[in-house]
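Contents: one structure, followed by commentary.
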Amino acid sequence: MTDPAHSGPILVEIRIGAWLEYSPAAKWFPGMSLRRRKNGETILRGSMPDQAALFGAFRRLQDLAIPLRSVTILPPAAGDVPRAACRRPEFQGDPSMNASNAIPNPPPSGESVLITGCSSGIGLATALYLAAHGVHVLAAVRKEPDAERLRGFRLAGLEPLCPLDMTQPAQIASAATAVKESLARRGREGLYAVVNNAGGGFISPLELMDLGRFRAEMETRVFGPVALLQELLPLVRRARGGRILWTATAGIVAIPNVASIHDCEFAMYGVAQTLHLELSPWNIPSIFIGCGGIRTAAVDRTEAELEVAMREWPREKLDLYARSLRKFQGQLHGFDAHRTEPEQVARTVYAALAAAKPKRKYLVGFQARPMSLLPLLPQSVLDGIFKRRV
Ligand SMILES: NC(=O)c1ccc[n+]([C@@H]2O[C@H](COP(=O)([O-])OP(=O)(O)OC[C@H]3O[C@@H](n4cnc5c(N)ncnc54)[C@H](OP(=O)(O)O)[C@@H]3O)[C@@H](O)[C@H]2O)c1
């Protein structure tokens, strides 16, 4: 397969709804010219190393809530021609793919793919990456401002689907209807893939666990995806090569303090494996995107939430777990420094979608490979490793 990620440098003009001149964000666009406009916008113009770098910068802008107004991909020789002549109406896929060098419409290019949890992190990076490579992406988010931000990217194939909260059966049913309508508008019958990505998770020992949040996580990662797939599988069956993807931790084992993530993944894993078998008559595989440490908003969020929780938990209970939690925080800090950018996950998802014979599991991100070996160890060895963490 040709890897479209290696598209090389691209010349772009980016319009941002803020003055970047003195902002630290300017350093994400090294070597680009920067023009401040009276209406409060900044126009950046120049070359980015590749699409992954471009999307990485977009994601960081989003993290800082700096609005992205438009992106225009310019032909490589744009410096020599008048700007108006080289402007394309909007960002419509891989700029290196033109009529002469494009691989002839390989899957998933031109196919429709639904991704849940596209407001940030892995979901957002994947939605942008796939849409830039010609995929019709139904990018599900919970909140309208997130849908609006997705529209702001002006990617032709990027279609926000909102609201889709995976804990809300009514929203799941409406979203499924919206997917069917969208496909019908495009004259399509099949949905090529569903990427089950939405998920939160938080740090807490089970004895102190907020059960409402734990239940919501189970809904988000287990029951919600089942409900969604009950609605959408007829469409996936109609697609040639249809498949279901699940983003999860590279090696699912019990780890103290992260039951809300790993225990939900145990359940999700079971569901995915069962589906794989049940859907085998139609050759619809369940594929794991096994993630190591990925740098997303979830990292800071879970740590900040833990600090708040530690102030709110009853003192006598907290005292029982404070040592283990502090140890855990220390380990997280060491780990966080090495996390991989979510664009790498996006490329891996693309590979899983493009493969004619996809693997059951793809690994991506910091320490994904060693993590993936953990479930192979005897339970007594795992107990030994993780008891030392409490
Ligand atoms: N980051 C890692 O190192 C890592 C490693 C292994 C697995 N994963 C998994 O990868 C997935 C994405 O994580 P991330 O790191 O990209 O985190 P993130 O940036 O926090 O993104 C999580 C996404 O899920 C959405 N979401 C959460 N609860 C939802 C619900 N009930 N219904 C619908 N959407 C919901 C969030 O939407 P809102 O913005 O509306 O909250 C957000 O769009 C998660 O399932 C996570 O467990 C991540």
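Both ligands and their constituent atoms are indexed starting at 1 by order of listing.
Under the 3.5 Å distance criterion, with hydrogens and angles disregarded, no donor-acceptor pair is assigned to the side chains of Gln168 and Glu219. Side-chain contact check for Thr126 and Asn197: no donor-acceptor pair (N or O, by modelled atom type) lies under 3.5 Å.
Looking only at heavy atoms of the protein, atom 32 (N) of ligand 1 is closest to Met166 N, 2.8 Å. Regarding atom 15 (O) of ligand 1, its nearest protein heavy-atom neighbour is Thr296 OG1, 2.6 Å. In terms of protein heavy-atom proximity, atom 21 (O) of ligand 1 is closest to Ser120 OG, 3.4 Å. When only non-hydrogen protein atoms are considered, atom 33 (C) of ligand 1 lies nearest to Leu164 O, 3.3 Å. In terms of protein heavy-atom proximity, atom 16 (O) of ligand 1 is nearest to Ile122 N, 2.8 Å. For atom 6 (C) of ligand 1, the closest heavy atom belonging to the protein is Cys291 CB, 3.5 Å. Looking at atom 25 (C) of ligand 1, its nearest protein heavy atom turns out to be Gly117 CA, 3.7 Å. The protein atom (non-hydrogen) at minimum distance from atom 43 (O) of ligand 1 is Ser119 OG, 2.7 Å.
Ser112 and Gly190 make their closest contact through CB-O, 4.4 Å (heavy atoms, listed as atom of the first residue, atom of the second, distance). Of all non-hydrogen atoms in Ala147 and Pro160, the two that sit nearest each other are O-CG, 3.6 Å. Between Gly201 and Thr302, the shortest heavy-atom distance links the atoms O-CG2, 3.4 Å. Between Tyr129 and Ala346, the shortest heavy-atom contact is CB-CB, 3.6 Å. Heavy atoms only, all atoms of each residue included: Ala351 and Tyr362 are closest at O-OH, 4.1 Å.
Using a 4.0 Å cut-off between heavy atoms, Arg142 contacts ligand 1 through its side chain alone, with no backbone atom that close. Under 4.0 angstrom from ligand 1, the non-hydrogen atoms of Asn197 come from both its backbone and its side chain. Contacts with ligand 1 closer than 4.0 Å are made by no heavy atom of Arg295, backbone or side chain. The residue Glu219 has no part lying near ligand 1, judged by heavy-atom distances below 4.0 Å. With a heavy-atom cut-off of 4.0 Å, Ala250 does not touch ligand 1 at all. With a 4.0 Å cut-off on non-hydrogen atoms, Ala216 does not touch ligand 1 at all.
Looking at Gln168, Met371, Met268, Arg301 and measuring to atom 20 (O) of ligand 1, the nearest heavy atom belongs to Arg301. By heavy-atom distance, the residue among Gly121, Gly290, Gly292 lying nearest atom 5 (C) of ligand 1 is Gly292.
Where the criterion is an N or O separation shorter than 3.5 Å, residue side chain and backbone included, Gly199 meets it with respect to ligand 1. Where the criterion is an N or O separation shorter than 3.5 Å, residue side chain and backbone included, Ile294 meets it with respect to ligand 1. Below 3.5 Å of separation, one finds an N or O of Asp165 facing an N or O of ligand 1.
Near Ala298, meaning under 4.0 Å from any of its heavy atoms, are these atoms of ligand 1: 15 (O), 17 (O), 20 (O). The Thr249 neighbourhood of ligand 1 comprises atoms 6 (C), 7 (C), with distances under 4.0 Å to a heavy atom of that residue. Atom numbering of ligand 1 starts at 1 in the shown order; those under 4.0 Å from a heavy atom of Arg221 are 45 (O), 47 (O). In summary, the atoms of ligand 1 found under 4.0 Å from a heavy atom of Thr167, numbered by their order in the structure, are 31 (N). Taking every heavy atom of Thr220 and a limit of under 4.0 angstrom, the matching atoms of ligand 1 come to 28 (N), 29 (C), 30 (C), 31 (N).
Between Glu111 and Arg243 no salt bridge is recorded (no basic side-chain N to carboxylate O distance below 4.0 Å). Between Glu231 and Lys180 there is a salt bridge, with a side-chain nitrogen of the basic residue lying less than 4.0 Å from a carboxylate oxygen of the acidic one. Salt-bridge check for Arg311 with Glu305: failed, with every basic side-chain N at 4.0 Å or more from each acidic carboxylate O. Between Arg315 and Asp319 there is a salt bridge, with a side-chain nitrogen of the basic residue lying less than 4.0 Å from a carboxylate oxygen of the acidic one.
Residue-environment remark: OH (Tyr269) stays at or below the threshold of 12 foreign heavy atoms within 6.0 Å.
Judged as a salt bridge (Lys or Arg N to Asp or Glu O under 4.0 Å), and not counting sequence neighbours, the contacts of Glu148 are Arg151.
With Phe202 as the aromatic partner, Arg213 meets the cation-pi criteria of under 6.0 angstrom to the ring centre and within 45 degrees of the ring axis.
The shortest distance between side-chain heavy atoms of Leu114 and Leu228 falls below 4.5 Å.
Heavy-atom distances between Ala140 and ligand 1 stay at or above 4.0 Å for every pair. At least one heavy atom of Cys118 lies less than 4.0 angstrom from ligand 1. Under a 4.0 Å heavy-atom criterion, Thr247 is in contact with ligand 1.
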What do the steps show when you test Phe288 against Thr249 for side chain to side chain contact (heavy atoms under 4.5 Å, CB included), and what is the final call? CA-CA 9 Å; Phe288 273 89; Thr249 307; over 6 Å; no
